[in-house]
Colleague: 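Attaching a single structure in structure tokens format; questions to follow.
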Amino acid sequence: MKKNDWKDRLNIVYSTNPDFQYSTDEKEETETLPKQQQKLRVSIEKNHRGGKTVTIVKNFVGSDEDIKELGRLLKTRCGVGGTTKEGEILIQGEFKEKIIEILKKEGYTQTK
């Protein structure tokens with residue numbers, strides 16, 4: 001059955017050509033690598049953050065849902081706030097050693 005959801009086509013100018021094929025530029029979800037193959041890098045950053053210290057976890061390869069789940073785990077274990085943006089997990093505060101320890105316990109063996 002042909003997918004014909006009008007919400008996907010909002011703000012699109014239509015063609016009078018009967019053979020016109022509508023297409024979207026949707027990104028494909030990347031498949032999440034196993035925990036042992038993830039090469040996560042944990043760093044501390046203070047620049048451009050109003051003097052606040054942030055711990056950043058980079059190089060996660062996988063779907064947005066999986067990175068949000070990992071971010072939620074780290075935030076709850078550290079007891080602080082944070083977010084996930086553009087493939088990075090931002091944790092408020094200086095928790096580099098604690099996050100590395102948590103990630104290694106969870107099975108992310110190639111964490112530095």
Side-chain angles (χ1 to χ4, degrees):
M1 184 171 167
K2 182 178 176 185
K3 182 178 178 187
N4 193 16
D5 190 9
W6 63 272
K7 292 178 185 177
D8 291 338
R9 296 186 311 261
L10 282 177
N11 301 322
I12 302 295
V13 178
Y14 288 91
S15 173
T16 57
N17 182 358
D19 297 327
F20 179 75
Q21 294 294 319
Y22 177 78
S23 63
T24 60
D25 295 334
E26 294 180 7
K27 293 191 289 184
E28 291 186 22
E29 285 286 322
T30 57
E31 190 173 321
T32 305
L33 289 176
K35 293 180 180 183
Q36 298 82 11
Q37 294 179 1
Q38 295 278 358
K39 295 181 180 181
L40 301 178
R41 298 296 172 248
V42 182
S43 62
I44 296 174
E45 192 173 293
K46 198 171 186 177
N47 299 339
H48 308 293
R49 311 222 182 257
K52 308 279 183 180
T53 305
V54 176
T55 305
I56 301 175
V57 181
K58 298 181 183 180
N59 299 339
F60 184 86
V61 178
S63 67
D64 291 338
E65 185 178 307
D66 291 336
I67 193 169
K68 286 180 182 178
E69 184 178 321
L70 180 60
R72 191 176 308 118
L73 171 82
L74 294 175
K75 289 187 294 185
T76 56
R77 294 267 177 95
C78 293
V80 295
T83 187
T84 56
K85 287 185 182 177
E86 302 168 3
E88 295 180 344
I89 301 171
L90 306 172
I91 304 293
Q92 296 173 352
E94 193 170 330
F95 293 99
K96 182 176 179 178
E97 297 301 321
K98 187 172 185 177
I99 288 176
I100 290 173
E101 182 180 311
I102 292 169
L103 289 171
K104 288 192 177 181
K105 283 183 183 177
E106 288 296 316
Y108 295 94
T109 56
Q110 298 185 28
T111 303
K112 291 183 182 179

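The structure displayed is predicted, hence computed values, not measured ones. Values below: every heavy atom of this structure, side chains too, minus hydrogens, waters and symmetry copies.
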Colleague: Of the non-hydrogen atoms in Gln110 and Gln37, which two are nearest, and what is the gap between them?
Modeller: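 Where Gln110 meets Gln37 most closely, the heavy atoms are NE2-CA, 4.3 Å.
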Colleague: Looking at Leu90, is its backbone amide N or carbonyl O close enough to the side chain of Thr83 to form a donor-acceptor pair, meaning the two atoms are under 3.5 Å apart?
Modeller: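 Checked: no pair found.
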Colleague: Rounded to the nearest 0.5 Å, how far apart are NZ of Lys39 and CG of Asn59?
Modeller: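 Interatomic distance, Lys39 NZ to Asn59 CG, rounded to 0.5 Å: 9.5 Å.
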Colleague: Does atom CD (Glu69) have a neighbourhood of more than 12 heavy atoms from anything else shown, all under 6.0 Å?
Modeller: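 At most 12 heavy atoms, drawn from other residues, nucleotides or ligands, come within 6.0 Å of this atom.
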Colleague: Say you draw a straight line from CZ of Arg49 to CD of Gln92; how long is it, rounded to the nearest 0.5 Å?
Modeller: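 If I round to the nearest 0.5 Å, the distance is 10.5 Å.
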Colleague: For Glu88 and Arg41, run salt bridge (charged side-chain N to carboxylate O under 4.0 Å, His left out): C-alpha distance rounded to whole Å, both residues' side-chain angles, the deciding distance at 0.1 Å, then the answer.
Modeller: CA-CA 10 Å; Glu88 295 180 344; Arg41 298 296 172 248; over 6 Å; no
Colleague: Say you draw a straight line from OG1 of Thr55 to NZ of Lys98; how long is it, rounded to the nearest 0.5 Å?
Modeller: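 Answer for the OG1-NZ pair, Thr55 versus Lys98, is 11.0 Å.
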Colleague: What is the minimum heavy-atom distance between Lys58 and Ser43, and which atoms define it?
Modeller: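 For Lys58 and Ser43, the tightest heavy-atom pair comes out as CE-OG, 4.2 Å.
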Colleague: I need the Glu86 CD to Thr84 OG1 distance, nearest 0.5 Å.
Modeller: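 If we round to the nearest 0.5 Å, Glu86:CD and Thr84:OG1 are 10.5 Å apart.
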Colleague: Can you tell me how far NZ of Lys112 sits from NZ of Lys104, rounded to the nearest 0.5 angstrom?
Modeller: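 The distance works out to 9.0 Å.
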Colleague: Return the minimal non-hydrogen interatomic distance between Gly81 and Lys75, and the atom names on each side.
Modeller: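 Minimum heavy-atom separation between Gly81 and Lys75: C-CD, 3.8 Å.
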Colleague: Counting distance only, does the side-chain N/O of Gln38 pair as donor-acceptor with the main-chain N or O of Val61 below 3.5 Å?
Modeller: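 Yes, Gln38 side chain to Val61 backbone: donor-acceptor pair under 3.5 Å.
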Colleague: Distance from Ile44 atom CD1 to Glu94 atom CD, nearest 0.5 Å?
Modeller: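 Spacing of CD1 (Ile44) from CD (Glu94) equals 4.0 Å.
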Colleague: Is Glu101 salt-bridged to Lys96, cutoff N-O under 4.0 Å?
Modeller: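 Judged by the 4.0 Å cut-off on N to carboxylate O distance, Glu101 and Lys96 do not form a salt bridge.
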Colleague: Considering only Ile, Leu, Val, Met, Phe, Trp and Tyr, and joining two whenever side-chain heavy atoms are under 4.5 Å apart, list the other residues clustered with Ile67.
Modeller: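 Leu40, Val42, Val57, Phe60, Leu70, Leu73, Leu74, Val80, Ile89, Ile91, Phe95, Ile99, Ile100, Ile102, Leu103, Tyr108, listed by chain and number.
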Colleague: Can you list the residues that meet the salt bridge (Lys or Arg N to Asp or Glu O under 4.0 Å) rule with Lys52, with sequence neighbours excluded?
Modeller: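 Here no residue qualifies.
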Colleague: Who passes side chain to side chain donor-acceptor pair (under 3.5 Å) against Arg72, sequence neighbours left out?
Modeller: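 Residues passing side chain to side chain donor-acceptor pair (under 3.5 Å) with Arg72: none at all.
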